[in-house]
Protein chains: 2
Amino acid sequence: MFHSASHDKMSTHIIRQVREAILKGQLLPGQSLPPEKDLITQFGVSKHTLREALRSLEAMGFIEIKRGAGGGPVVSEVDMETTRDSIANFLHFQNVSVRDLSEIRKIMEPYLARLAAERFSAQEIEKLEEIDRKCRKIFEKKKSVVGAKEEIDFHIFLAQASRNPVMVMVLDFVNSMLTDLKTNIKPDMEFSQHVLDSHQKIFEAIKAGDGDKAQECMLAHICDVERELEALRERDEKQAKIKQAV
Amino acid sequence: MFHSASHDKMSTHIIRQVREAILKGQLLPGQSLPPEKDLITQFGVSKHTLREALRSLEAMGFIEIKRGAGGGPVVSEVDMETTRDSIANFLHFQNVSVRDLSEIRKIMEPYLARLAAERFSAQEIEKLEEIDRKCRKIFEKKKSVVGAKEEIDFHIFLAQASRNPVMVMVLDFVNSMLTDLKTNIKPDMEFSQHVLDSHQKIFEAIKAGDGDKAQECMLAHICDVERELEALRERDEKQAKIKQAV
DNA sequence: TACGATTTGTCCGTATGTATA
DNA sequence: ATATACATACGGACAAATCGT
């Protein structure tokens, strides 16, 4: 049996059409779509149906909708946050451990540290140093770098050494998920001090253009973080058991 | 300044509440949400508003909505397809090349082939052989394995050697994006034959428990595919130029 | 500051299609 | 086969936000 197109939900038709127009480049990011009332007539559906379709497209990150005069639906590039959230939602059901995230880091980040040491321009080295300086300032004020955007930025910026957007994306969500775990575990000052020291060593190897050493220091750093987080997690579990017993 | 809750859109409140309930485990996959009319009264919104929220949650993969008696919104695990699509949408705007995808494969897949050789049980080896057999059957019928689900399955199944869901996910979308590129390029029979030969070598190394060799063969396989795809792409570009000139 | 124009956000009422029992 | 429960779809009205004058 064949299903006639009209058997599907109307909104899925609209979603598919707009989505394909964007992916084919017929609609470019920044361009405005016609306002609701025009789209209603163009697609021949009711306001209710059209708005459902726009909501879905918005959830997928394809459009943003602004209210008021001159507003309306605007095509936008699907951004990293939308994608990161989607990945995080998926992995939430997959029982991801610190070990899983660290395993990926151990494979990829030492490679990237080496590339950075071999490829970074003077400008890029300066930018990396600035990120590191910001980390230190945050530590001095808050006595922690955990959850600090700059602490992740250090790693993401290295990923950009690869000039590979897929690599950047993977490192982005791996590091951001790890940070989420960290903020639950609430590491101590010592942990943050170790992180800053490790970053320092990695930075110096990169600045010296020493690929071998950068690779080696990065691997050691990731292993350290994994070990310390595991230890802290076990400590928390024990405390939880004691509390439960009381 | 604090924003009063009433400043945001009603649907975002509903989305946030349901989303958090699911992520906290208060709502488990498989559970039904109350039907529309009950949710309307619970949240104190209109049909239209509620449905927009449900559409967004559906687009994010958190719920599925079934029609008819006994239907309604059902909580579901966010699945790989939803996530894969989201990633593909994001990377569409990032100019991803065969080289970018291959770079990730070169880092991860040889590592995974080694793990498979070291860890796979007899059952798993048998399963892998069956996947390979299916690939060959498809090749004999269609004279190609490009775009065949089984050809990706070979790589994904190896990723499962890591018992690492993040690894499986990364390999899933990298391989599926590469396959999308392949189907556009339309490789010849020779290409498919090379793929099958490489898979054979990798399989034999894994079966023999030879981690070194499995790692080495996998790296060679990925480099081969990258090189051949690049060559085919250049060929297509030249043909396009000739056509344009005429 | 204020007002009008534009455009989305929200609500109500009603009718129709679809799956289950 | 009929009834029931549920989502899907349409139209009209008013509120709220934003922009320009």
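Protein chains get the first letters and strands the later ones, always in sequence-line order, with residue 1 at the start of each.
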- Query: Just how far, in rounded Å, is P of C:dT8 from NZ of A:Lys37?
  - Reply: 9 Å
- Scan for ring-ring contact (aromatic ring centres under 6.0 Å, His included) pairs involving residues 18-42 of chain B, sequence neighbours excluded, and state none if there are none. none
- Under 30°, 30 to 60°, or over 60°: which ring-plane class applies to A:His155 and A:His199, parallel, tilted or perpendicular? perpendicular
- Message: From CD of A:Glu36 over to P of C:dT6, roughly how many Å is that when rounded to an integer?
- Response: 16 Å
- Message: Please report the distance, rounded to the nearest Å, between CE in A:Met10 and P in C:dT16.
- Response: 17 Å
Hey, can you pull the donor-acceptor pairs under 3.5 Å for the side chains in residues 14-34 of chain A, sequence neighbours left out?
| residue | atom | partner | partner atom | Å |
| --- | --- | --- | --- | --- |
| A:Arg19 | NH1 | B:Asn89 | OD1 | 3.2 |
| A:Gln31 | OE1 | A:Leu28 | N | 2.7 |

- Task: Nearest whole angstrom, please: distance from the C1' of D:dA16 to the NZ of A:Lys66.
- Result: 18 Å
Shorter than 3.5 Å, N or O on both sides, protein versus nucleotides 18-21 of chain D: list them out with atom names.
| residue | atom | partner | partner atom | Å |
| --- | --- | --- | --- | --- |
| D:dT18 | O2 | A:Ala69 | N | 3.0 |

- Task: Provide the full list of side-chain hydrogen bond (donor to acceptor under 3.5 Å, both in side chains) pairs with a residue in residues 51-61 of chain A, sequence neighbours left out, each pair given once.
- Result: A:Glu36-A:Arg51, A:His48-A:Glu52, A:Arg51-B:His48, A:Arg51-B:Glu52, A:Glu52-B:Arg51, A:Glu52-B:Arg55, A:Arg55-A:Glu58, A:Arg55-B:Glu52
- Message: Are B:Thr83 and B:Met80 packed together at the side-chain level, in the sense that at least one heavy-atom pair is separated by less than 4.5 angstrom?
- Response: no
- Between D:dA9 atom C1' and A:Asp8 atom CG, what is the distance in whole Å? 15 Å
- Would you jot down, in residue-number order, the residues of residues 54-65 of chain B having a non-hydrogen atom under 4.0 Å from DNA chain C? none
- Message: The test is side-chain hydrogen bond (donor to acceptor under 3.5 Å, both in side chains); show your working for A:Asn164 and B:Arg99 and say whether it passes.
- Response: CA-CA 9 Å; A:Asn164 184 337; B:Arg99 197 196 146 280; over 6 Å; no
- Message: Once side chain to side chain donor-acceptor pair (under 3.5 Å) is applied, do any residues pair with A:Glu226, and if so which ones, sequence neighbours excluded?
- Response: A:Lys106
- Check whether any side-chain nitrogen or oxygen of A:Arg51 sits under 4.0 Å from OP1 or OP2 of C:dG9, and answer yes or no. yes
- Message: Please report the end-to-end axis angle for the helix from C:dA2-D:dT21 to C:dA21-D:dT2, five pairs per end, rounded to 10 degrees.
- Response: 20°
- What residues, two or more places apart in sequence or in another chain, satisfy ring-ring contact (aromatic ring centres under 6.0 Å, His included) together with A:Phe43? none
- A:Leu33 CG to C:dT7 P, in whole Å, measures 13 Å
- Looking only at heavy atoms, which two atoms of A:Leu112 and A:Ala159 are closest? And how far apart? CD1-CA, 3.9 Å
- Query: Does a side-chain N or O from A:Thr49 land closer than 4.0 Å to OP1 or OP2 of D:dC10, or not?
  - Reply: yes
- Message: Among residues at least two apart in sequence or on other chains, which ones pass ring-ring contact (aromatic ring centres under 6.0 Å, His included) with B:Phe157?
- Response: B:Phe120
- Ignoring hydrogens and angles, state whether a donor on the side chain of B:Asp79 or B:Thr82 is under 3.5 Å from an acceptor on the partner side chain. yes
- Message: Holding to ring-ring contact (aromatic ring centres under 6.0 Å, His included), I want the full list of residues that pass it with B:Phe203, two or more places apart in sequence or in another chain.
- Response: none
- Can you tell me the distance, in whole Å, between the CG atom of A:Leu39 and the C1' atom of C:dG9? 16 Å
- Numerically ordered, the residues 40-48 of chain B set in heavy-atom contact under 4.0 Å with DNA chain D is B:Lys47
- Message: From CD of A:Glu52 over to C1' of D:dG11, roughly how many Å is that when rounded to an integer?
- Response: 15 Å
Taking only distance into account, with no hydrogens and no angle test, what donor-acceptor pairs under 3.5 Å do side-chain atoms of residues 144-152 of chain A form with protein atoms, sequence neighbours excluded?
| residue | atom | partner | partner atom | Å |
| --- | --- | --- | --- | --- |
| A:Ser144 | OG | A:Val146 | N | 3.0 |
| A:Lys149 | NZ | A:Asp153 | OD2 | 2.7 |
| A:Glu151 | OE1 | A:Lys182 | NZ | 3.3 |

- Message: Does any part of the side chain of B:Arg105, heavy atoms only, come nearer than 4.5 Å to the side chain of B:Leu178, both counted from C-beta?
- Response: yes
- Message: Using a 4.0 Å heavy-atom cut-off, does B:Pro34 contact any base of the nucleic acid, only the sugar-phosphate backbone, or nothing at all?
- Response: nothing
